[in-house]
Amino acid sequence: MRQVLGEAEQSAVRQAVLDHRPRDLGLSGQFWTRRLMGAADRLKRWGLTFQRPGKWAAEQDPDAVRRWHEEAWPEIRAKAK
């Protein structure tokens, strides 16, 4: 595979991925995706892997979650529309 970026440029991009979210850099989304990164093999060469957050917080408060779903989420959803 022919590399378009030089070593210094690759290092700068890698550091940007580690230090920022896509939105911080003027891109859409909160998480780095394959679409945003271009190709998974590039990540592998840089020693990075795709990771998903855990399904549940270790110390989740069921009442706080319920309140968020009942109060905060409807407001967020309304603003998004």
Side-chain angles (χ1 to χ4, degrees):
M1 171 187 259
R2 184 172 88 71
Q3 293 185 14
V4 177
L5 299 177
E7 291 298 321
E9 293 165 318
Q10 287 185 50
S11 180
V13 171
R14 180 183 185 278
Q15 200 59 49
V17 169
L18 293 173
D19 293 342
H20 302 284
R21 295 172 299 174
R23 184 161 290 165
D24 298 338
L25 301 172
L27 302 169
S28 64
Q30 290 290 334
F31 303 103
W32 291 105
T33 62
R34 282 192 166 115
R35 183 181 62 77
L36 287 173
M37 289 304 302
D41 62 329
R42 180 177 307 135
L43 291 176
K44 190 180 240 183
R45 281 197 315 267
W46 292 346
L48 303 174
T49 59
F50 282 101
Q51 298 182 11
R52 297 179 190 268
K55 294 190 186 258
W56 301 103
E59 298 176 4
Q60 191 176 70
D61 179 353
D63 291 329
V65 172
R66 181 190 50 75
R67 281 193 308 276
W68 186 88
H69 277 284
E70 292 174 357
E71 299 167 13
W73 176 241
E75 291 177 28
I76 294 168
R77 191 172 186 184
K79 286 180 184 178
K81 288 183 180 179

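Index from 1, following the sequence. Given the structure is predicted, the values throughout are model-derived calculations rather than measurements.
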Fill in: With sequence neighbours excluded, residues passing side chain to side chain contact (heavy atoms under 4.5 Å, CB included) with Glu7
Gln3, Gln10
Worksheet item: Which hydrophobic side chains are connected to Val65, either touching it within the sub-4.5 Å cutoff or through other members that do?
Response: none
Item to complete: Mind checking side chain to side chain contact (heavy atoms under 4.5 Å, CB included) for Ala64 and listing every partner two or more places apart, or none if nothing turns up?
Response: Asp61, Arg67
Worksheet item: salt bridge (Lys or Arg N to Asp or Glu O under 4.0 Å) with Glu71: which residues, sequence neighbours excluded?
Response: none
Let me have the donor-acceptor pairs involving side chains of residues 13-24, under 3.5 Å, with sequence neighbours excluded, atom names and distances please.
from: Arg14; atom 1: NE; to: Trp46; atom 2: O; distance (Å): 2.9
from: Arg14; atom 1: NH2; to: Trp46; atom 2: O; distance (Å): 3.4
from: Gln15; atom 1: NE2; to: Asp19; atom 2: OD1; distance (Å): 3.1
from: Gln15; atom 1: NE2; to: Asp19; atom 2: OD2; distance (Å): 3.2
from: Arg21; atom 1: NH1; to: Gln30; atom 2: OE1; distance (Å): 2.9
from: Arg21; atom 1: NH2; to: Asp24; atom 2: OD1; distance (Å): 3.2
from: Asp24; atom 1: OD2; to: Arg21; atom 2: N; distance (Å): 3.0

Worksheet item: Looking at residues at least two apart in the chain, or sitting in another chain, which of them share a salt bridge (Lys or Arg N to Asp or Glu O under 4.0 Å) with Arg66?
Response: Glu70
